[in-house]
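Step one of this worksheet: look at the structure below.
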Amino acid sequence: MLRIAQTLHSQLLAAMERAFPEAAAQAEAAGKPLDPQLAAASKPEFGDFQANGALPLAKPLGQAPRQIAAAIVEELAADPGFAELCEAPQIAGPGFINLTLRPELLAAEVEARLGDPRLGVPRLGEGDDDGGAGTPVIVDFSSPNIAKEMHVGHLRSTIIGDSLARVLEFRGHPVLRLNHVGDWGTQFGMLITHLKQVAPQVLETADAVDLGDLVAFYRQAKQRFDGDEAFQTTSREEVVKLQGGDPISRKAWQLLCDQSRREFQTIYDRLDIRLTERGESFYNPYLEAVVTGLDASGLLVVDEGARCVFLEGVSGKDGNPLPVIVQKTDGGFNYATTDLAAIRYRFGAAPGGDGARRVIYVTDSGQANHFAGVFQVARRAGWIPADGRLEHVPFGLVQGEDGKKLKTRSGDTVRLKDLLDEAVERSKADLCRRLQEEGRSEDEAFIEQVATTVGLAAVKYADLSQNRNTNYQFSFDRMLALQGNTAPYLLYAVVRIAGIARKGGDMRAAAAALHFSEPQEWALVRELLKLDAVIAEVEEELLPNRLCSYLFELSQVFNRFYDQVPVLKADAAARPSRLALCRLTADTLKLGLGLLGIATLERM
RNA sequence: GGGGCUGUAGCUCAGCCGGAUAGAGCGACGGUUUCCUAAACCGUAGGUCGUGGGUUCGAGUCCCGCCAGCCCCGCCA
């Protein structure tokens with residue numbers, strides 16, 4: 001309904017300008033043009049839209065707001081285009097103008113969507129939208145560290161990043177999904193040094209150890225690094241060798257990366273997530289240029305032996321400006337350097353760059369300061385094009401039910417693999433209990449399929465349905481609870497519709513002239529038509545929970561409809577229209593869940 | 001010491017960038033099944049939106065102070 005809203009907006013604005021030409025001219029001159037303040041109605045009884053624009057005019061015009069609203073409504077009534085869209089506007093409360101769309105218009109919108117695989121969501125580049133071909137976007141997400149296992153922290157980045165990428169792709173933006181894996185830096189110096197001493201075979205033969213062993217070695221290496229100065233020195237030297245291209249170090253590094261990569265891929269396959277790996281090492285050849293570039297633009301300062309850029313407006317513990325270090329005293333580069341090189345490369349023109357115009361980083365909010373600093377340096381160095389957007393999309397911690405950082409009973413971080421396994425196991429146990437209670441019998445393949453889909457959907461949805469800015473409490477019981485704002489509730493709505501289709505509802509042939517009479521039908525129609533606005537919002541705000549809320553509300557409205565209005569047993573006049581609503585609801589839920597990376601089921 | 005995020009019903013959370021009587025789920029209490037999967041639906045109870053000021057016709061939302069929690073703060077990423 002975005003297009004209708006845009007039309008109404010212009011009509012309202014024109015009506016305001018006709019009703020109050022002097023005020024309009026004044027407002028224009030003051031740089032604050034009139035605004036009808038058109039918004040979706042806050043309650044169903046107010047209609048479809050409300051315009052609040054009369055209220056702020058009360059003071060400058062010296063008139064009662066209701067009187068102003070009446071004048072606007074009078075002008076609207078004179079607009080034949082408006083009368084085609086809306087019924088007679090109502091003035092309510094202090095001076096709100098409530099608008100209700102004509103039922104024929106709503107029915108026509110539904111009908112248009114029945115034949116549209118995109119369900120009314122315009123695709124950039126093909127649409128009448130803004131004519132553009134979409135903005136080249138990079139979504140940087142997931143980004144686990146080599147030689148470490150993926151844990152719950154990566155879960156959020158992976159799921160949120162994937163969903164945002166899906167939404168942007170669906171809108172028609174060319175999206176590059178980058179996995180900025182931690183495959184460079186001090187940790188490799190540590191690990192390789194340690195392995196050379198205790199398990200050299202790992203560095204020479206592929207598959208000598210599995211990832212679990214590697215993680216154990218990593219832990220030992222870290223322990224030595226923290227307590228042993230000689231080991232620290234050797235490790236740092238090892239990093240320099242690696243970054244300098246020493247063949248033995250490179251080979252060891254390559255083996256470690258391959259090992260981890262295979263392990264990560266099994267998780268991505270399981271979650272149906274597509275990523276292009278481009279680790280920190282990729283930017284190694286560009287690091288030097290970051291330092292020289294910053295020097296050339298006069299931003300570089302040498303302080304206590306380190307090359308850094310001091311930030312504006314950010315002070316450290318002693319009240320002095322805070323530096324971003326781009327080259328350490330020992331000559332090594334660090335993650336700020338890598339991130340700066342990445343920014344240049346990503347905005348840079350092909351072939352030596354990605355040509356992106358919007359770069360999105362999905363990482364935990366603990367890195368907010370880091371990115372703010374790096375972004376500032378990039379901006380001051382002139383590395384962000386005028387039409388380029390650089391956005392950190394932060395998210396909160398995953399906490400246990402005790403409100404503390406999620407840990408296993410033994411106090412270790414929870415491995416992502418174990419977490420997914422447990423979700424599927426629990427979902428399977430729930431399913432089997434239900435089958436038994438209902439006296440149903442299903443084959444093993446069905447049980448596996450449903451348990452896997454529901455379990456993974458529950459994990460993803462629990463994460464995505466929360467506003468990402470806040471920490472969230474991880475609870476298997478809540479996410480798999482089959483009522484409320486959960487994946488199973490949404491999946492069940494799809495299953496109910498599939499049931500209708502199985503029992504003889506021919507939904508594909510059901511799009512004759514639509515006719516609705518029941519309030520439950522109208523409620524569903526109105527909910528269905530919100531999809532395009534919701535997607536546009538997620539595209540802009542990068543908040544997948546908005547899409548989740550919408551799908552949950554749609555499911556609620558559908559379940560009410562399903563409960564109170566018969567479909568298959570409806571009389572011949574109502575049945576085709578109701579089948580059409582069912583079909584569009586199923587299509588909308590499937591599309592929406594698909595954008596969240598969640599698969600649906602026909603039966604469960 | 002500086003910075004960021006958060007504080008809304010017993011619990012978990014929404015609240016769309018200032019708008020009408022602050023919403024949902026869970027939990028609690030009470031109801032609904034000759035009918036398309038009851039994994040559903042309907043109803044009741046429950047909130048001085050951390051706190052004190054300010055701006056505004058209008059504030060959970062914007063500004064300032066304070067309190068509490070979490071996170072970050074020079075050579076780890």
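For the pair A:Tyr489 and B:A39, the ring geometry does not qualify as stacking, because the centroid separation below 5.5 Å and plane angle under 30° are not jointly satisfied.
Across all strands shown, B:A24 forms a Watson-Crick or G-U wobble pair, both distances under 3.5 Å, with B:U12.
Counting heavy atoms from C-beta outward, A:Gln449 and A:Leu601 have side chains that approach closer than 4.5 Å. Between A:Val181 and A:Asn145, every side-chain heavy-atom pair lies at or beyond the 4.5 Å cut-off.
Projected onto RNA chain B by closest heavy-atom contact, A:Gly185 and A:Asp303 fall at different nucleotides, the more 5' of which corresponds to A:Asp303. Position along RNA chain B of the nearest nucleotide to A:Asn98 versus A:Ala498 favours A:Asn98 as the more 5'-ward residue.
Among the nucleotides B:G19, B:A38, B:A39, the one closest to the side chain of A:Gln37 is B:G19. When distances are taken from the side chain of A:Ser549 to each of B:C57, B:A14, B:A77, the shortest belongs to B:A14. Distances from the side chain of A:Val567 to the nucleotides B:A39, B:C36, B:U21 place B:C36 closest. The nucleotide whose nearest atom lies closest to any side-chain atom of A:Arg546 is, among B:G15, B:C76, B:A77, B:G15. Closest approach to the A:Ile325 side chain among B:G74, B:C57, B:G23 is made by B:G74 (side chain taken as heavy atoms from C-beta onward). Of the candidates B:A38, B:G19, B:C13, B:G19 carries the atom nearest the A:Phe96 side chain, counting heavy atoms from C-beta on.
Side chains of A:Thr363 and A:His392: a donor-acceptor N/O pair is present below 3.5 angstrom, by distance only. Defined by atom type and a distance below 3.5 Å, a donor-acceptor pair is missing between the side-chain atoms of A:Gln367 and A:Asn369. Under 3.5 Å, the side chains of A:Tyr283 and A:Arg278 contain a donor-acceptor pair of N or O atoms.
Not a single donor-acceptor contact under 3.5 angstrom links the side-chain atoms of A:Ser365 to the base of B:C5.
A distance of about 11 Å separates the P atoms of B:U61 and B:G19, rounded to the whole Å. Separating the P atom of B:A45 from that of B:G25 is a span of 15 Å, rounded to the nearest Å.
When A:Leu191, A:Asp183, A:Ile146 are each tested for a side-chain contact (heavy atoms from CB on, under 4.5 Å) with A:Trp253, only one passes: A:Asp183.
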What nitrogen or oxygen pairs link the protein and nucleotides 25-35 of chain B at under 3.5 Å?
from	atom 1	to	atom 2	distance (Å)
B:C35	O2'	A:Lys569	NZ	3.2

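Taking 4.0 Å as the cut-off between side-chain N and carboxylate O, A:Arg526 and A:Asp48 count as a salt-bridged pair.
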